[in-house]
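Notes for the one structure printed next.
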Amino acid sequence: AGMFGLSAWHNVRPFSINYNFKEHEANLSYKRPEDVLLFEDDHVTISVGYAWKGPTQSIGQTEADVRHEAQFVIKSKTGKLPFYGDNLSYEFYLKYIRTIIGLMTGAPAPLYNCTGLLQRHEMPHDGKPFVPEIVLKHTWRRDMPKLPEKGLSPLDVLVPYAKLGGVREAAGNFFKLPKLARDFAGHLVYLNGCASNMTQGVLSELVFMFEGIHRELYDANEKTWLILRFIDELNRQADVFPYLGDDELGLSLVIFIKKRRDNYSHANPDDYHNEFRLFMFAKMWMHQFITAMILVKCGINPTDLYKSFAANHLYAELSRELPGLIRRHRNLYPTELADTKKYL
């Protein structure tokens with residue numbers, strides 16, 4: 001199955017081109033990249049593989065190209081598996097490998113070109129084995145915005161493959177997370193495809209998602225104040241978001257976010273339009289914050305995660321703009337921080 005952004009996430013360079021301008025020659029060489037194993041258990045292996053095609057030939061030809069496309073390759077180790085199902089099915093594995101890699105791209109991650117191949121070995125005929133193949137294709141529609149025609153740029157990927165030392169470990173740990181946490185993560189990947197959504201409810205939705213994931217990951221049977229959940233996770237991610245470490249900026253930010261959540265929950269949108277720029281940046285920060293929470297829980301070192309995030313243009317913009325917007329908000333509401341600290 002193909003996934004939007006998968007090629008940009010892996011970002012291999014299989015082409016080499018040599019020019020001889022004196023002889024008016026250009027030589028292009030292509031070598032298909034080796035498959036990269038992402039996940040393995042007792043039932044399947046999941047890899048990144050490449051489907052490729054060479055140049056065509058025609059009369060009056062004026063151009064020729066070689067193309068390839070990254071795809072997830074899921075192979076059963078125990079015979080036939082059903083496509084649909086909540087467990088031990090191709091749908092199950094495809095859903096969650098798309099989620100963990102979609103979190104790393106930080107971009108829309110719809111699936112496409114899902115093709116299944118079933119092989120059955122028949123008895124030899126005339127001394128030659130006969131292996132019939134059945135090819136099945138699965139297509140669907142998703143309510144995603146129009147995707148860029150040229151695909152995702154490797155420069156826009158949040159956590160590229162090249163920056164990670166343990167992709168298999170992270171993917172394996174993701175499959176071990178509580179199901180509800182994995183499903184919430186999948187919804188975050190879906191929201192990455194709705195980047196233009198700046199309605200009042202979107203920040204509240206992210207807060208509900210954060211609270212649910214944090215509860216599942218750390219204290220499923222406890223009732224913990226939302227602010228305390230934020231502080232717990234901010235401490236865990238101090239190395240990922242160092243620009244929030246000064247002057248209690250992280251606490252001020254989560255107070256603002258909680259206030260917006262409360263206003264929305266009680267239909268009291270008093271300051272929605274007054275501080276829309278801070279609302280917009282807080283919404284974008286929540287995407288990265290929840291993503292980092294899941295990836296750190298999957299075993300990715302916070303310092304290594306910061307190095308990946310810091311190369312992303314959106315992270316750079318947040319680190320440049322968000323601290324000033326938080327301080328401005330705190331000047332408008334000077335008692336918020338003091339009042340909240342009483343309850344910590």
Side-chain angles (χ1 to χ4, degrees), residues 1-12 36 38-39 46-51 68-74 83 89-115 137-164 167-168 170-175 177 179 181-197 202 205-206 209-210 213 283-284 286-295 297-298 300 305 308-309 311-315:
M3 187 195 85
F4 181 82
L6 185 58
S7 294
W9 174 75
H10 192 212
N11 193 29
V12 294
V36 175
L38 299 178
F39 174 81
I46 306 177
S47 306
V48 173
Y50 283 85
H68 74 181
E69 183 177 20
Q71 56 189 0
F72 292 125
V73 180
I74 305 178
F83 180 82
S89 69
Y90 287 111
E91 181 186 37
F92 167 82
Y93 289 108
L94 188 56
K95 172 183 178 181
Y96 289 125
I97 198 64
R98 170 231 180 195
T99 297
I100 182 63
I101 303 302
L103 287 173
M104 294 182 187
T105 66
L111 297 168
Y112 59 90
N113 287 356
C114 183
T115 303
K137 291 190 176 182
H138 179 77
T139 58
W140 55 83
R141 294 177 62 88
R142 296 187 180 275
D143 51 342
M144 291 285 187
K146 185 177 181 181
L147 300 171
E149 293 183 1
K150 293 186 177 181
L152 183 68
S153 168
L155 299 176
D156 293 329
V157 173
L158 191 60
V159 186
Y161 169 79
K163 294 289 185 70
L164 295 175
V167 177
R168 286 181 59 186
N173 289 336
F174 180 77
F175 275 84
L177 297 183
K179 181 180 184 302
R182 285 181 274 134
D183 289 344
F184 271 130
H187 190 63
L188 180 63
V189 172
Y190 166 78
L191 289 180
N192 286 339
C194 308
S196 62
N197 185 356
V202 66
E205 185 176 358
L206 289 166
M209 183 185 302
F210 161 75
I213 295 176
K283 181 260 183 188
M284 294 188 292
M286 281 293 293
H287 278 266
Q288 294 189 353
F289 181 63
I290 299 174
T291 297
M293 174 174 64
I294 298 169
L295 295 181
K297 184 63 177 179
C298 289
I300 298 179
L305 195 60
S308 294
F309 275 31
N312 181 267
H313 65 90
L314 180 57
Y315 180 93

Check your understanding: Would a 4.5 Å heavy-atom cut-off, applied to side chains only, mark M286 and L191 as touching?
Key -> no
Point to revise | From CG (L295) to CG (L103), nearest 0.5 Å | key: 6.0 Å
Check your understanding: Which atom names give the shortest non-hydrogen contact between G102 and V189, and what distance separates them?
Key -> C-CG2, 4.0 Å
Review point. What closest approach, in Å, do I300 and A170 show between heavy atoms, and which atom pair accounts for it?
Key: CG1-CB, 4.1 Å
Study note, to complete from the structure: d(L111 CG, I97 CD1) to nearest 0.5 Å is 11.0 Å
Study note, to complete from the structure: Here the gap from T105 atom OG1 to I100 atom CD1, rounded to the nearest 0.5 Å, amounts to 10.5 Å
Practice item. Only counting residues at least two apart or in another chain, list the ones meeting ring-ring contact (aromatic ring centres under 6.0 Å, His included) with F184. Key: none
Point to revise | Smallest separation among heavy atoms of L177 and K297, with atom names | key: CD2-CG, 3.8 Å
Point to revise | Any residue meeting side-chain contact (heavy atoms from CB on, under 4.5 Å) with Q71, in chain and number order, not counting sequence neighbours | key: A51, V73
Study note, to complete from the structure: Sorted by chain and number, sequence neighbours left out, side chain to side chain donor-acceptor pair (under 3.5 Å) with Y50 holds for H10
Exercise for review: Apply side-chain contact (heavy atoms from CB on, under 4.5 Å) to S308 and list each qualifying residue two or more places apart in sequence or on a separate chain.
Suggested key: V159, P160, K163
Study note, to complete from the structure: Contacts of E91 meeting side chain to side chain donor-acceptor pair (under 3.5 Å) (sequence neighbours excluded), chain-then-number -> none
Study note, to complete from the structure: Rounded to the nearest 0.5 Å, the NZ atom of K179 sits from the CZ atom of R182 at a distance of 7.0 Å
Revision key, fill the gap. In short, A70 meets V48 closest at the heavy-atom pair CB-CG1, 4.3 Å
Check your understanding: Under the side-chain contact (heavy atoms from CB on, under 4.5 Å) criterion, do L158 and H287 qualify, and how do the steps go?
Key -> CA-CA 11 Å; L158 191 60; H287 278 266; over 6 Å; no
**Study point:** Pairing residues for N113 by the side-chain contact (heavy atoms from CB on, under 4.5 Å) criterion, not counting sequence neighbours
**Key:** E69
Review point. Using 30° and 60° as the class limits, which term best fits the ring planes of Y161 and W9: parallel, tilted or perpendicular?
Key: perpendicular
Review point. Can you name the closest pair of heavy atoms from L94 and C114 and give their distance?
Key: CD2-SG, 4.1 Å
Exercise for review: For the pair S47 (side chain) and G49 (backbone), establish whether a donor and an acceptor sit closer than 3.5 Å, ignoring hydrogens and angles.
Suggested key: no
Study note, to complete from the structure: Distance col, row I294:CD1 vs M104:CE, nearest 0.5 angstrom, shows 11.0 Å
**Study point:** Pairs satisfying salt bridge (Lys or Arg N to Asp or Glu O under 4.0 Å), at least one member in residues 99-112, at least two apart
**Key:** none
Review point. Does the R98 side chain pair with the main chain of M3, one donor and one acceptor, at a distance under 3.5 Å?
Key: no
Review point. For Y315, which residues count as a side chain to side chain donor-acceptor pair (under 3.5 Å) partner, sequence neighbours excluded?
Key: none
Point to revise | Pairwise distance CD(E205) to CG(L188) - rounded to 0.5 angstrom | key: 10.0 Å
Check your understanding: How would you list, by chain and number, every residue that makes a side chain to side chain donor-acceptor pair (under 3.5 Å) with Y96, sequence neighbours excluded?
Key -> D183
Practice item. Using a 4.5 Å cut-off on heavy atoms from C-beta on, say whether the side chain of K283 contacts that of L206. Key: yes
Review point. If every non-hydrogen atom of N312 is compared with every non-hydrogen atom of V157, which pair is closest and at what distance?
Key: ND2-O, 3.8 Å
